Trainee: 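Take a look at the following structure, please.
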Amino acid sequence: MKRSIAALVAGMSLFGAGASAQTMDKVVRVGALGDQSGLYQDIGGPGSVVAAQMAVEDSGLLAKGWKIDVISADHQNKPDVAVNIGKQWIDVEKVDVFVDLAASNVGLAIANLAKEKNVVNLNSGSGSSDLTGSQCTPNTVHWAYDTYMLANGTGRALVKSGGDTWFFISADYAFGQALERDTTAAVTSSGGKVLGSVKHPLNTADFSSFLLQAQSSKAKVIGLANAGGDTTNAIKQAAEFGIVSGGQKLAGMLMFITDVNALGLNIAQGLNFTESFYWDMNDQTRAFSKRFMERFKKNPPTMVQAGVYSSLIHYFKALEALGGNPHDGRAVVAKMKELPTDDPLFGKGSIRADGRKIHPAYLFEVKKPSESKYPWDYYRLIATIPADEAFLPLEKSACPLVKKS
């Protein structure tokens with residue numbers, strides 16, 4: 001009987017090894033889960049799908065016999081909708097990797113799902129630094145930016161230039177809360193003071209009551225801890241209230257090239273904000289952006305769309321290094337962390353133990369209309385924030401994956 005049991009165990013071990021080997025193949029399915037129709041659609045959405053398709057083509061894997069598909073869906077900025085789509089994708093469509101994920105409440109929900117289902121989560125759309133902090137997972141890489149980067153890039157710069165009193169108008173969900181929290185920390189540690197704040201619902205049309213509170217606070221800087229259509233609506237209505245002409249400064253804590261375009265340079269001129277990608281930064285970003293715009297006629301790539309492309313390029317490098325797709329999210333992310341990152345959009349970088357992608361960030365100012373020489377020529381570079389300063393130091397990370405000395 002002992003010999004029979006030993007033989008059975010050996011047989012099961014061989015079967016297990018065979019089953020594991022069978023899971024290694026050259027088939028990949030990418031799920032671009034974004035806001036396809038709402039206030040964040042210009043940030044990621046349809047443009048992120050184009051960026052994902054370009055990454056597939058530029059990876060070189062198709063010519064080597066790989067089969068890679070990109071599918072997309074609209075999460076409507078609702079975590080429950082996103083999770084239902086995600087489960088369907090993983091269980092039925094066999095999706096291996098999520099990209100885009102604009103809206104932090106969605107991003108945090110999908111991070112948990114990706115961990116539960118052991119798939120890869122490449123988030124370039126959500127801002128919350130909690131994705132690599134208290135809610136980090138071994139399946140998530142946070143790519144383009146986060147609230148710490150935004151807060152320290154813009155917040156510290158404005159305090160140093162004299163904007164030492166702040167009032168926040170913040171979106172009332174995970175992203176707005178994290179951005180206000182991180183900017184408050186940056187402002188106070190730089191010697192500034194926060195005089196107050198007010199929360200607004202996602203996708204707000206009328207900012208009058210919030211702007212009046214900010215105006216009456218007499219704060220030198222009004223920090224807009226929101227994004228997309230909420231930011232542009234707030235800035236347009238602030239102009240109608242004469243807030244900037246009255247001596248207060250607006251700080252768009254998260255701004256994209258599409259937001260500046262929607263506002264127009266007459267209104268947006270002089271705004272300061274932090275990004276990690278600008279289409280007109282150098283020859284490499286311009287070359288990619290030209291190709292992108294040949295396919296996506298609406299706008300040059302945003303920081304989120306650039307992050308989708310860049311993160312997938314590195315993901316495909318990791319799969320090739322593994323010799324195939326093991327359909328094991330944790331194993332693939334571990335390989336991604338081992339390999340240095342290098343692509344034409346973000347340059348050289350790395351992925352830390354907490355899943356934070358590290359690269360430089362840039363403080364920009366919006367040009368005056370007279371300074372813009374060609375379409376989408378909107379930014380002036382004010383300062384470069386080195387990669388080792390742009391994001392929260394690893395030793396301060398609340399991520400349980402980080403070993404504390």
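Each residue takes its place number in the sequence, starting with 1. Keep in mind that what you see is a predicted model, and the values were worked out from it rather than measured.
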Trainee: When you look at Leu265 and Lys368, which way does the side chain to side chain contact (heavy atoms under 4.5 Å, CB included) test go after all the steps?
Mentor: CA-CA 6 Å; Leu265 294 184; Lys368 298 176 182 177; over 6 Å; no

Trainee: Is a donor on one side and an acceptor on the other found under 3.5 Å between the side chain of Ser310 and the backbone of Ala306?
Mentor: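 No: the side chain of Ser310 does not pair with the backbone of Ala306.
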
Trainee: Is the ring centre of Phe277 less than 6.0 Å from the ring centre of His359?
Mentor: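 Judged by ring-centre distance (under 6.0 Å), Phe277 and His359 do not meet the cut-off.
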
Trainee: Using the benzene-type ring in the case of Trp, are the ring centres of Phe168 and Phe210 under 6.0 Å apart?
Mentor: no

Trainee: Show your reasoning for whether side-chain hydrogen bond (donor to acceptor under 3.5 Å, both in side chains) applies to His314 and Asp343.
Mentor: CA-CA 8 Å; His314 191 66; Asp343 68 80; over 6 Å; no

Trainee: Can you name the closest pair of heavy atoms from Lys373 and Ser370 and give their distance?
Mentor: NZ-O, 3.4 Å

Trainee: Using ring-ring contact (aromatic ring centres under 6.0 Å, His included), reason through Phe292 and Tyr309 one step at a time and then give a plain yes or no.
Mentor: CA-CA 10 Å; Phe292 179 88; Tyr309 175 88; 9.2 Å; no

Trainee: Regarding Lys193 and Asp164, does a basic nitrogen lie under 4.0 Å from an acidic carboxylate oxygen?
Mentor: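 Asp164 and Lys193: not salt-bridged.
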
Trainee: Could you grab the distance from atom NZ of Lys337 to atom CD1 of Ile351, nearest 0.5 Å is fine?
Mentor: 8.0 Å

Trainee: Taking Glu93 for the side chain and Trp89 for the main chain, is one N or O donor matched with an acceptor at less than 3.5 Å?
Mentor: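 Flag not set: sc Glu93 to bb Trp89 has no pair under 3.5 Å.
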
Trainee: Heavy-atom distance under 4.5 Å between the side chains of Asn123 and Val141, does that happen here?
Mentor: no

Trainee: Kindly check if the number of other-residue, nucleotide or ligand heavy atoms within 6.0 Å of NZ (Lys117) is above 12?
Mentor: yes

Trainee: Do Val119 and Asn139 come close enough that some side-chain heavy atom pair is under 4.5 Å?
Mentor: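 SC-SC contact between Val119 and Asn139 ruled out.
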
Trainee: Below 4.5 Å, heavy atoms only, C-beta onward: do Met303 and Phe256 meet side chain to side chain?
Mentor: yes

Trainee: List the atom of Leu122, the atom of Leu101, and the distance in Å for their closest heavy-atom pair.
Mentor: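 Reported closest heavy-atom pair: O-CD1, 4.5 Å.
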
Trainee: Stepwise, does the side-chain hydrogen bond (donor to acceptor under 3.5 Å, both in side chains) test hold for Tyr374 with Asp280?
Mentor: CA-CA 11 Å; Tyr374 43 85; Asp280 203 15; 2.5 Å; yes

Trainee: What are the two closest non-hydrogen atoms of Ala32 and Val99, and how far apart are they?
Mentor: CA-CG2, 3.6 Å

Trainee: Going by atom types alone, do Ser124 and Ser311 pair a side-chain donor with an acceptor below 3.5 Å?
Mentor: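 No, no side-chain donor-acceptor pair sits under 3.5 Å.
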
Trainee: CD1 of Ile222 to OG1 of Thr165: how many Å apart, nearest 0.5 Å?
Mentor: 10.0 Å

Trainee: Okay, side chain of Asp230, backbone of Asn203: is any donor-acceptor separation there less than 3.5 Å?
Mentor: yes

Trainee: So, Thr154 and Thr274: side-chain donor and acceptor under 3.5 Å apart, yes or no?
Mentor: yes

Trainee: Between Thr137 and Arg330, do the side chains contain a donor N or O and an acceptor N or O under 3.5 Å apart?
Mentor: no

Trainee: Under the side chain to side chain donor-acceptor pair (under 3.5 Å) test against Thr140, which residue among Asp354, Asn121, Thr132 passes?
Mentor: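 Exactly one option meets the side chain to side chain donor-acceptor pair (under 3.5 Å) with Thr140, and it is Asn121.
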
Trainee: As a quick check of understanding, evaluate side chain to side chain contact (heavy atoms under 4.5 Å, CB included) for Tyr145 and Leu150, giving each step before the final call.
Mentor: CA-CA 7 Å; Tyr145 73 103; Leu150 301 173; 3.8 Å; yes

Trainee: With side chain to side chain contact (heavy atoms under 4.5 Å, CB included) as the test, would you mind laying out the steps for Asn272 and Lys249 before giving the verdict?
Mentor: CA-CA 10 Å; Asn272 294 114; Lys249 187 175 183 64; 3.4 Å; yes

Trainee: Could you measure the distance from the CG atom of Leu113 to the CG atom of Leu33? Nearest 0.5 Å is fine.
Mentor: 10.0 Å

Trainee: Atom NZ of residue position Lys78 - does it have more than 12 heavy atoms of other residues, nucleotides or ligands inside 6.0 Å?
Mentor: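 No - once you tally the heavy atoms of other residues, nucleotides and ligands closer than 6.0 Å, there are 12 at most.
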
Trainee: Go through Trp143 and Val308 one step at a time and tell me if the side chain to side chain contact (heavy atoms under 4.5 Å, CB included) criterion holds.
Mentor: CA-CA 8 Å; Trp143 207 267; Val308 169; over 6 Å; no

Trainee: Is the shortest heavy-atom distance from the side chain of Asp58 to the side chain of Arg291 under 4.5 Å?
Mentor: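 Side chain of Asp58 against side chain of Arg291, heavy atoms only: contact under 4.5 Å found.
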
Trainee: Supply the atom-to-atom distance Phe364 CZ to Met281 CE, rounded to the nearest 0.5 angstrom.
Mentor: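 Rounded to the nearest 0.5 Å, the CZ-CE separation comes out at 3.5 Å.
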
Trainee: Could you tell me if the ring centre of Tyr278 sits under 6.0 Å from that of Tyr362?
Mentor: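 Judged by ring-centre distance (under 6.0 Å), Tyr278 and Tyr362 do not meet the cut-off.
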
Trainee: Can you tell if the side chain of Leu271 reaches within under 4.5 Å of the side chain of Leu250, non-hydrogen atoms only?
Mentor: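 The answer is yes, as the side chains (C-beta and beyond) meet within the 4.5 Å cut-off.
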
Trainee: Please check this pair: side chain of His327 against backbone of Asp96, looking for a donor-acceptor N/O pair closer than 3.5 Å.
Mentor: no

Trainee: Test your reading of the model: is there a side-chain donor-acceptor pair from Ser289 to the backbone of Arg286, 3.5 Å cut-off?
Mentor: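 No, the answer is negative, given that no donor and acceptor are paired below the 3.5 Å cut-off.
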
Trainee: For the backbone of Lys357 and the side chain of Arg352, can you confirm whether one donor and one acceptor N or O come within less than 3.5 Å of each other?
Mentor: no

Trainee: Give, for atom CZ of Arg29 and atom CD1 of Ile68, the distance between the pair rounded to the nearest 0.5 Å.
Mentor: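 Interatomic distance, Arg29 CZ to Ile68 CD1, rounded to 0.5 Å: 12.0 Å.
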
Trainee: With side-chain hydrogen bond (donor to acceptor under 3.5 Å, both in side chains) as the criterion, how do Asp42 and Asn299 come out once you've worked through the C-alpha distance, each side chain's angles and the decisive distance to 0.1 Å?
Mentor: CA-CA 8 Å; Asp42 291 336; Asn299 54 260; over 6 Å; no

Trainee: Would you find a donor on one side and an acceptor on the other, under 3.5 Å apart, between the side chain of Glu57 and the backbone of Met54?
Mentor: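 Absent.
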
Trainee: What do the steps show when you test Ser129 against Thr147 for side-chain hydrogen bond (donor to acceptor under 3.5 Å, both in side chains), and what is the final call?
Mentor: CA-CA 5 Å; Ser129 58; Thr147 50; 3.2 Å; yes

Trainee: Determine the minimum heavy-atom distance between Pro386 and Thr384, stating which atoms define it.
Mentor: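 In this case the closest contact between Pro386 and Thr384 is CD-O, 3.6 Å.
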
Trainee: Compare all side-chain heavy atoms of Phe241 with those of Leu212 and state whether any distance is below 4.5 angstrom.
Mentor: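 Yes. Closest side-chain heavy atoms under 4.5 Å.
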
Trainee: Does the Gln215 side chain pair with the main chain of Gly242, one donor and one acceptor, at a distance under 3.5 Å?
Mentor: no

Trainee: For the residue pair Ala178 and Ser128, what are the closest heavy atoms and their distance?
Mentor: CB-OG, 3.8 Å

Trainee: Judged by modelled atom types alone, do Tyr173 and Asn77 share a side-chain donor-acceptor pair under 3.5 Å?
Mentor: no

Trainee: Can you find a side-chain donor-acceptor pair between Asp259 and Thr231 that sits under 3.5 Å?
Mentor: no

Trainee: Can you confirm whether Phe391 sits close enough to Asp146 that some side-chain heavy atom of one is under 4.5 Å from a side-chain heavy atom of the other?
Mentor: yes

Trainee: Can a donor-acceptor pair be found, under 3.5 Å and without considering hydrogens, that links the side chain of His75 to the backbone of Ala102?
Mentor: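 Yes, His75 side chain to Ala102 backbone: donor-acceptor pair under 3.5 Å.
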
Trainee: Can you tell me how far NZ of Lys317 sits from CG of Leu61, rounded to the nearest 0.5 angstrom?
Mentor: 11.0 Å

Trainee: Any side-chain heavy atom of Thr204 sitting closer than 4.5 Å to one from Asn233?
Mentor: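 They are not in side-chain contact.
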
Trainee: Does Ala219 offer a backbone N or O that forms a donor-acceptor pair with the side chain of Gln248 under 3.5 Å?
Mentor: yes

Trainee: Identify the two heavy atoms, one from Pro400 and one from Gly133, that lie closest to each other, and give their separation to 0.1 Å.
Mentor: CD-O, 4.0 Å

Trainee: Is it true that the side chains of Asn261 and Tyr378 contain a donor and an acceptor less than 3.5 Å apart?
Mentor: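 Short answer, yes.
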
Trainee: Could you check whether Glu180 and Ser197, counting side-chain N and O atoms only, form a donor-acceptor pair closer than 3.5 Å?
Mentor: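 Yes, side-chain donor-acceptor contact under 3.5 Å.
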
